[in-house]
There are 2 protein chains.
Amino acid sequence: MNNLTLKHLRYFEALTRHGHFGRAADACAISQPALSMQIKELEELLGTKLFERSARKVRLTGFGEDLALKVRAIMHSVDELENMARASHNRLTGRLRIGVIPTIAPYMLPQIVGNITRKHNNLDIYVHETLTPKLIQKLAEGWIDAAIVALPISEPSLVEVALFDENFVLVRPKEDAAKPVPNPEMLSEMKLLLLEDGHCFRDQALSFCNMNAAKPGELLDGSSLTTLVQMVAAGIGVTLIPEMAVAVETRSASVSIAQFNDPKPSRTIGMVWRKTNPLANQLLQISEIVKDAAEGLRKTSG
Amino acid sequence: MNNLTLKHLRYFEALTRHGHFGRAADACAISQPALSMQIKELEELLGTKLFERSARKVRLTGFGEDLALKVRAIMHSVDELENMARASHNRLTGRLRIGVIPTIAPYMLPQIVGNITRKHNNLDIYVHETLTPKLIQKLAEGWIDAAIVALPISEPSLVEVALFDENFVLVRPKEDAAKPVPNPEMLSEMKLLLLEDGHCFRDQALSFCNMNAAKPGELLDGSSLTTLVQMVAAGIGVTLIPEMAVAVETRSASVSIAQFNDPKPSRTIGMVWRKTNPLANQLLQISEIVKDAAEGLRKTSG
DNA sequence: TGCGGTGATAAGAAATAGTTATGAACAACT
DNA sequence: AGTTGTTCATAACTATTTCTTATCACCGCA
């Protein structure tokens with residue numbers, strides 16, 4: 001049996017402090033023979049005498065003294081381990097890796113990160129911004145803990161919770177501001193500017209117009225909502241953007257915003273994570289924070 | 001049951017490495033259920049899930065990952081502990097605190113320290129030079145590990161080993177070189193210069209002359225052999241010094257050295273340490289080194 | 001839907017750590 | 001010197017912990 005245990009070290013440490021088997025044993029809440037045996041075992045394990053037993057004193061040997069220093073350091077580290085665990089108890093600690101789709105990230109991240117760090121102040125947040133399929137993959141592979149995406153995802157290994165719905169609004173050249181709001185059919189006849197393939201928002205917009213990806217030439221791809229809005233300002237066409245993006249994207253562009261008539265186009269944004277992730281409670285908490293952040297955003301921008 | 005054990009940490013570490021209960025259990029040479037239970041216990045102990053178990057993968061949680069770093073550090077320290085013990089196995093390590101009487105120290109220490117460090121290169125040597133009673137006290141109180149003194153000490157709690165005998169020689173003014181060597185009786189009639197009270201060498205010299213400490217006025221105290229020799233050179237009297245001191249002490253003094261007739265005065269120098277000191281073997285080794293050092297000194301100076 | 005692989009659970013066996021009682025060594029005190 | 005008290009070691013036994021084998025439940029996959 002070659003196994004060193006923490007018990008050995010604890011008893012050893014107690015004995016170094018008390019210099020007396022009986023009292024050290026008391027301190028460890030065991031009997032004196034038990035301590036004697038453990039110390040003996042430790043000495044055999046290490047192959048060196050650690051204590052010099054004389055009739056009235058128990059003294060460390062030179063090596064024992066060297067050892068005591070290291071042992072104390074180790075025990076300190078172990079305590080730290082336990083404290084660390086206690087501190088993180090039922091709370092998110094360490095590192096939260098979260099993925100966000102590009103049509104949400106720029107508008108919500110500042111709020112989200114702010115609110116999360118406010119509530120979990122010893123949490124490092126890492127954000128990945130990329131397209132939904134990539135997020136799902138990263139999630140499955142364990143590279144991120146959760147993702148904020150448009151629902152549904154319908155991946156059996158993931159849990160999804162809805163956070164909020166967001167409407168899409170029409171962005172058109174400023175001079176069109178007075179024109180009637182087009183309905184889906186009319187929209188599909190207009191020069192529609194959309195995000196390039198892969199963005200879920202593209203599909204959501206197309207679906208509103210009852211279009212599939214096809215019909216080339218009739219729509220133009222942009223790599224970001226900002227680009228799209230700038231193109232609209234330049235009179236190239238019209239586009240849809242999520243309501244949340246309005247404040248940021250139209251601030252410096254001469255475009256007009258129009259709400260659609262009911263049924264308004266919209267999507268549900270939600271958060272997803274692995275079913276197997278044992279931090280479900282904590283992630284649920286996070287999702288609430290994100291929900292609140294969205295709520296706040298809507299209030300200020302609405 | 002609040003007790004964290006190294007076993008927990010070892011198993012935890014193995015599982016982080018293998019990401020698979022079965023294989024990790026193999027690596028630990030235990031069965032899979034045993035590992036499962038220990039991990040479960042560890043998680044309960046820390047109050048946090050450390051692993052995310054899905055059907056095909058075992059992944060660390062965020063906190064688990066933080067923990068793994070610290071755990072690895074701890075295990076590294078523990079390994080180091082064991083290595084340290086193994087390295088010092090049956091060898092003196094760390095610190096050797098040795099006491100030496102003043103009539104030996106200046107002549108032998110350079111040799112002794114040199115020889116010891118040559119053989120035990122990771123040994124820090126601390127030397128205390130003081131009178132025998134103080135050395136014995138320091139020894140008993142555990143402030144030093146061994147002492148080099150004149151035997152016998154006859155202290156039941158100490159072991160003593162003889163190292164070598166050293167003769168005393170007469171130191172007298174240069175102009176007396178041709179005179180016959182005095183015998184003890186004659187010596188007691190001469191102006192005898194001796195070390196102050198407390199030095200064992202004083203008593204040893206007196207004993208040779210069949211004198212006790214009494215007879216005031218007939219002898220003069222000096223605080224070191226160097227002082228005594230200088231006083232002899234100044235024609236104040238004669239003195240005895242250990243043979244070993246001749247080379248050093250008479251180098252720059254105009255005195256003459258005379259060997260006594262048999263039976264020559266001498267003393268036995270030995271090393272002593274606590275009976276209870278478990279490093280008896282190692283100290284015996286050290287005593288051999290000291291013996292060799294003395295041998296060497298005699299050769300060069302004889 | 002059954003199969004292979006995986007982790008959890010249960011019950012009993014093995015190993016470990018603890019207990020009390022006692023012994024041996026030694027210092028301290030008549 | 002004999003006695004007493006203190007201290008650590010040893011022995012024999014008991015309690016607890018840890019491990020093993022057998023089995024289950026779950027999930028992804030053909």
Side-chain angles (χ1 to χ4, degrees), chain A residues 1-12 14-16 18-45 49-61 64 140-141 155-159 274-278, chain B residues 1-12 14-16 18-45 49-61 64 137 140-142 155-159 274-278:
Chain A
M1 303 314 104
N2 73 352
N3 265 345
L4 188 59
T5 68
L6 278 185
K7 213 172 275 193
H8 285 131
L9 302 189
R10 291 209 183 89
Y11 293 173
F12 168 77
L15 188 50
T16 64
H18 290 93
H20 186 286
F21 278 74
R23 282 191 283 281
D26 274 357
C28 298
I30 57 171
S31 66
Q32 169 265 313
L35 184 78
S36 281
M37 290 177 60
Q38 290 292 323
I39 295 294
K40 183 183 169 188
E41 200 175 296
L42 177 61
E43 288 179 330
E44 279 167 6
L45 225 52
K49 280 262 176 278
L50 302 174
F51 293 96
E52 182 179 329
R53 287 90 151 156
S54 62
R56 212 145 285 281
K57 263 220 130 51
V58 174
R59 223 194 322 270
L60 277 168
T61 60
E141 288 171 357
E155 171 67 36
S157 65
L158 301 181
V159 204
R274 290 182 299 280
K275 262 183 193 162
T276 54
N277 193 324
Chain B
M1 318 301 109
N2 75 349
N3 264 345
L4 188 58
T5 68
L6 277 186
K7 212 172 275 193
H8 286 131
L9 302 190
R10 292 209 183 88
Y11 293 173
F12 169 76
L15 187 52
T16 63
H18 290 92
H20 186 286
F21 278 75
R23 283 191 283 279
D26 274 356
C28 298
I30 56 171
S31 65
Q32 169 265 312
L35 184 78
S36 280
M37 290 179 62
Q38 291 292 322
I39 295 294
K40 182 181 168 188
E41 199 174 297
L42 178 62
E43 288 178 330
E44 278 167 7
L45 224 52
K49 280 260 176 278
L50 302 174
F51 293 95
E52 182 181 329
R53 288 90 151 155
S54 61
R56 211 145 287 280
K57 263 219 130 50
V58 175
R59 221 195 322 270
L60 277 168
T61 60
Q137 188 193 339
E141 289 172 357
E155 170 66 37
S157 66
L158 302 181
V159 204
R274 291 183 299 281
K275 263 183 192 161
T276 53
N277 192 324

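First the proteins, then the strands, lettered A, B, ... as listed; each starts at 1.
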Just N and O in the side chain of [X]: are any of them under 4.0 Å from OP1 or OP2 of [N]?
X        : N      : value
B:His20  : C:dG5  : no
B:Lys275 : C:dC26 : no
A:Lys40  : D:dT10 : yes
A:Ser36  : D:dA9  : yes
A:Ser31  : C:dT19 : yes
B:Arg53  : C:dT6  : no

Side chain of [X] only, please: which of [options] is the nearest?
X       : options               : value
A:Ala34 : D:dA9, C:dG18, C:dG7  : C:dG18
B:Gln38 : C:dG18, D:dC19, D:dT7 : D:dC19
B:Ile30 : C:dA17, D:dT20, C:dT9 : D:dT20
A:Thr5  : D:dA9, C:dA17, C:dT9  : C:dA17

### Message
Taking side-chain contact (heavy atoms from CB on, under 4.5 Å) as the definition, give me every residue that meets it alongside B:Glu52, ordered by chain and number, with sequence neighbours left out.
### Response
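In terms of side-chain contact (heavy atoms from CB on, under 4.5 Å), with neighbours along the sequence ignored, B:Glu52 is linked to A:Arg274, A:Thr276, A:Asn277, A:Pro278, B:Arg59.
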Considering all heavy atoms, the nearest [X]-[Y] contact:
X       : Y       : value
B:Val58 : B:Phe51 : CG1-CD2, 3.6 Å
A:Ala24 : A:Leu35 : CB-CD2, 3.7 Å
B:Phe12 : B:Gly64 : CZ-O, 3.6 Å

For [Y], is there any backbone N or O sitting under 3.5 Å from a side-chain donor or acceptor partner on [X]?
X        : Y        : result
A:Glu43  : A:Leu50  : yes
A:Lys275 : A:Pro156 : yes
B:Lys7   : A:Thr5   : no

If I take atom [atom1] in residue [X] and atom [atom2] in nucleotide [N], what distance separates them, rounded to the nearest angstrom?
X       : N      : atom1 : atom2 : result
B:Asp26 : D:dT20 : CG    : C1'   : 14 Å
B:Leu15 : C:dG7  : CG    : C1'   : 11 Å
B:Gln32 : C:dG5  : CD    : P     : 15 Å
B:His8  : D:dT17 : NE2   : P     : 11 Å
A:Leu45 : C:dT16 : CG    : P     : 12 Å
B:Leu35 : D:dT18 : CG    : C1'   : 13 Å
B:Tyr11 : D:dT18 : OH    : P     : 9 Å
A:Ile39 : D:dA9  : CD1   : P     : 9 Å

Measuring only between side-chain heavy atoms, which start at C-beta, is A:Ile30 closer than 4.5 Å to A:Gln38?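 A:Ile30 vs A:Gln38: side chains apart.
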Check nucleotides 25-30 of chain D for protein N or O atoms closer than 3.5 Å to its own N or O atoms and list the pairs.
none

Assuming nearest nucleotide by heavy-atom distance, tell me which of B:Arg23 and A:Glu41 is located more 5' along DNA chain C.
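Its nearest nucleotide being more 5', the pick is B:Arg23.
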(request) Quick one: label B:Phe51 by what it contacts on the DNA or RNA (base, sugar-phosphate, nothing), any heavy atom closer than 4.0 Å. (result)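 If one applies the 4.0 Å heavy-atom cut-off, B:Phe51 turns out to touch nothing in the nucleic acid.
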